[in-house]
Asks: 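What follows is a single structure, and I will ask about it in a moment.
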Number of protein chains: 2
Amino acid sequence: METRRDHDPASSAEEKFAEYLALRGKRLSRAQRELVRYIFSYHDHFTATKLIDDIRAKGMKISRATVYRTLARLVDAGLLRTHRFEDQVAYEHQYGYPEHDHLYCRNCGKIVEFTAPQLAELREHVAREHRFRAQSHRFIITGLCESCALQQARRRKVDFI
Amino acid sequence: METRRDHDPASSAEEKFAEYLALRGKRLSRAQRELVRYIFSYHDHFTATKLIDDIRAKGMKISRATVYRTLARLVDAGLLRTHRFEDQVAYEHQYGYPEHDHLYCRNCGKIVEFTAPQLAELREHVAREHRFRAQSHRFIITGLCESCALQQARRRKVDFI
DNA sequence: TTTAGTGCAAAAGATTTGCATCTCG
DNA sequence: CGAGATGCAAATCTTTTGCACTAAA
């Protein structure tokens with residue numbers, strides 16, 4: 001998957017992180033390096049739990065505690081951002097990734113990204129009206145994805161029998 | 001504020017709930033009735049934990065488990081809605097209370113409600129585009145309220161000295 | 001060498017669940 | 001009476017922490 005060493009997201013995120021750590025006298029350990037490489041080798045939303053399962057499946061040996069500690073640092077470093085959905089905290093790339101909003105399936109947890117330029121305007125308008133200085137926003141549409149909606153419709157029919 | 005007995009939120013919510021239960025052969029127990037009355041006797045955001053503390057302080061004897069079970073039903077009945085604020089799950093009235101969104105001050109935690117009809121349209125539009133069945137949405141504008149923005153500007157000047 | 005990082009297991013918190021026992025309808 | 005509801009405690013689940021040990025720089 002990953003071939004070009006110089007400009008792929010994984011290595012530039014790693015550099016950014018190393019910089020962040022160096023600046024505060026922290027060290028970049030083997031575990032942290034492996035995690036950053038793994039996390040930035042593809043773009044997707046993930047939960048801490050899922051990440052732990054994934055890296056274990058890949059054979060990496062990093063403890064639960066270290067994963068949580070590293071995620072917290074990556075957030076603090078501005079490389080990751082957390083999102084709280086209904087019943088899960090998801091992480092997503094912050095560094096080098098455009099702003100977007102989300103659709104969240106309440107049934108299967110699927111997350112779909114979308115962008116809606118109108119939101120930025122609306123946000124400024126509302127903020128001005130309330131004398132707020134807006135810094136960011138979050139728009140989440142919760143509901144059912146196509147397959148879960150169908151599945152639920154089916155289940156409902158069965159219930160009626 | 002609200003004095004007329006017939007139409008106060010607490011009793012109409014109770015009726016709604018009784019209806020919901022009856023429709024599915026469930027019973028309205030003493031515990032559930034007390035909870036609904038308490039919850040709808042005022043409008044505010046609350047967490048399950050806070051509710052449990054509050055009712056205990058009022059001398060009501062209802063177990064933790066029953067509170068959770070009742071909250072789940074109230075959500076299912078469409079009387080309550082859950083929201084994730086910060087790192088806690090908050091409940092708020094859904095029944096008889098207009099949909100709204102929030103401005104959140106990152107500095108002092110102040111929450112201001114606002115309504116923006118355009119969001120409903122936008123939500124339907126986006127959902128349709130992604131074949132989602134939207135059930136609700138959440139739009140949060142994060143930033144600084146007026147006083148925190150001023151305060152911060154002041155602090156910055158000091159930092160420069 | 002020295003201090004930060006790691007793993008482990010125990011702790012925390014919030015919510016859920018199994019089960020014997022009440023209670024509504 | 002019989003299906004539900006309740007309370008209690010134990011069980012879950014995710015995330016955090018204390019501590020002795022290991023390893024970056």
Side-chain angles (χ1 to χ4, degrees), chain A residues 14-15 17-39 45-56 58-77 80-91 106 109, chain B residues 14-15 17-39 45-56 58-77 80-91:
Chain A
E14 188 182 328
E15 278 166 33
F17 192 44
E19 209 173 282
Y20 164 91
L21 293 173
L23 218 60
R24 14 210 124 202
K26 304 292 182 190
R27 299 166 186 173
L28 178 56
S29 67
R30 183 210 107 241
Q32 291 182 122
R33 185 163 34 235
E34 285 184 6
L35 280 173
V36 175
R37 286 188 183 169
Y38 181 75
I39 291 171
H45 296 268
F46 61 92
T47 61
T49 305
K50 180 174 177 302
L51 176 62
I52 291 167
D53 291 345
D54 289 357
I55 62 173
R56 297 243 158 116
K58 287 239 170 193
M60 299 186 212
K61 286 189 193 50
I62 302 174
S63 75
R64 213 166 267 290
T66 295
V67 170
Y68 280 104
R69 289 189 273 235
T70 303
L71 286 173
R73 283 195 166 179
L74 287 169
V75 169
D76 190 66
L80 287 183
R81 170 197 300 152
T82 62
H83 261 302
R84 291 165 218 286
F85 291 100
E86 300 236 305
D87 46 4
Q88 62 180 196
V89 177
Y91 291 82
R106 155 171 290 161
Chain B
E14 188 181 328
E15 278 167 33
F17 191 44
E19 208 173 285
Y20 164 89
L21 293 173
L23 217 60
R24 22 212 118 200
K26 304 293 182 192
R27 297 167 187 172
L28 179 55
S29 67
R30 181 209 109 241
Q32 292 181 122
R33 184 163 35 237
E34 285 184 6
L35 281 173
V36 176
R37 286 190 182 167
Y38 181 75
I39 292 171
H45 297 268
F46 63 92
T47 62
T49 306
K50 181 174 177 300
L51 176 61
I52 290 168
D53 291 347
D54 288 357
I55 62 173
R56 296 247 159 112
K58 287 242 169 188
M60 298 186 212
K61 285 188 194 50
I62 301 174
S63 75
R64 215 167 266 290
T66 295
V67 170
Y68 280 106
R69 288 189 273 235
T70 302
L71 285 173
R73 284 196 166 178
L74 287 169
V75 169
D76 191 65
L80 287 183
R81 169 199 300 152
T82 63
H83 257 310
R84 283 201 101 101
F85 274 114
E86 296 303 84
D87 43 5
Q88 53 190 199
V89 179
Y91 290 82

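All figures in this text were calculated on a predicted structure; none of them were measured in a lab. Note on naming: letters A, B, ... go to the chains in the order of the sequence lines (proteins, then strands), and numbering restarts at 1 for each one. For the numbers below, each heavy atom of this structure counts, side chains included, while hydrogens, waters and symmetry mates do not.
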Asks: Just jot down the salt bridge (Lys or Arg N to Asp or Glu O under 4.0 Å) partners of B/Arg81, sequence neighbours excluded, or say none.
Replies: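 Only B/Glu92 meet the salt bridge (Lys or Arg N to Asp or Glu O under 4.0 Å) criterion with B/Arg81.
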
Asks: Return the set of residues passing ring-ring contact (aromatic ring centres under 6.0 Å, His included) with A/Tyr68 (not counting sequence neighbours), or none when no residue passes.
Replies: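 None.
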
Asks: Flag the pair A/Leu35 / A/Leu71 as yes when at least one side-chain heavy-atom distance between them is below 4.5 Å, and no otherwise.
Replies: no

Asks: Using heavy atoms to find the nearest nucleotide of DNA chain C for A/Leu28 and B/Tyr91 separately, return the residue whose nucleotide is more 5′.
Replies: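 With A/Leu28 and B/Tyr91 compared, the 5'-side residue is A/Leu28.
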
Asks: Regarding B/Arg33, tell me which of base, sugar-phosphate or nothing describes its non-hydrogen contacts under 4.0 Å with the strands shown.
Replies: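 The answer is nothing, as B/Arg33 stays clear of every strand by at least 4.0 Å.
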
Asks: Quick one: A/Phe46 CZ to D/dT14 P, roughly how many Å, whole number?
Replies: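 Value for this atom pair: 16 Å.
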
Asks: Chain A on DNA chain C: first and last contacting nucleotide, 5' to 3', under 4.0 Å to a heavy atom?
Replies: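 Contact boundaries, 5' end first: C/dT2 to C/dC8.
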
Asks: On DNA chain D, check which nucleotide each of A/Arg27 and B/Arg27 is closest to and give me the residue with the more 5' one.
Replies: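 Nearest nucleotide further toward 5': that of B/Arg27.
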
Asks: With a 4.5 Å cut-off on side-chain heavy atoms, are B/Asp53 and B/Phe46 touching?
Replies: no

Asks: Test of understanding: with salt bridge (Lys or Arg N to Asp or Glu O under 4.0 Å), list the residues that count as partners of A/Asp76, not counting sequence neighbours.
Replies: none

Asks: Just so I know, are the side chains of A/Leu74 and A/Tyr91 near enough to count as touching, which here means a heavy-atom distance under 4.5 Å?
Replies: no

Asks: With sequence neighbours left out, what residues match A/Lys26 under salt bridge (Lys or Arg N to Asp or Glu O under 4.0 Å)?
Replies: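 By the salt bridge (Lys or Arg N to Asp or Glu O under 4.0 Å) rule, A/Lys26 matches no residue at all.
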
Asks: Is any N or O donor-acceptor pair between the side chain of B/Arg30 and the base of D/dA5 shorter than 3.5 Å?
Replies: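 No pair found.
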
Asks: In this structure, how many angstroms lie between the C1' atom of D/dA5 and the CG atom of B/Leu71, rounded?
Replies: 15 Å

Asks: Which label fits A/His45 and A/His83: parallel for a plane angle under 30°, tilted from 30 to 60°, or perpendicular past 60°?
Replies: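 Rings of A/His45 and A/His83: tilted, 30 to 60°.
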
Asks: In this structure, how many angstroms lie between the P atom of D/dA5 and the CG atom of B/Leu74, rounded?
Replies: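 In whole Å, D/dA5 P lies 13 Å from B/Leu74 CG.
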
Asks: Identify, residue by residue, the members of residues 60-70 of chain A with a heavy atom below 4.0 Å from DNA chain C, and return them in order of residue number, or none.
Replies: A/Lys61, A/Ile62, A/Ser63, A/Ala65, A/Thr66, A/Arg69

Asks: Taking atom types as modelled, find out whether A/Arg27 and A/Gln32 have a side-chain donor-acceptor pair closer than 3.5 angstrom.
Replies: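 Short answer, no.
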
Asks: Figure out the CD/P separation between A/Gln32 and D/dA23, and round it to whole Å.
Replies: 15 Å

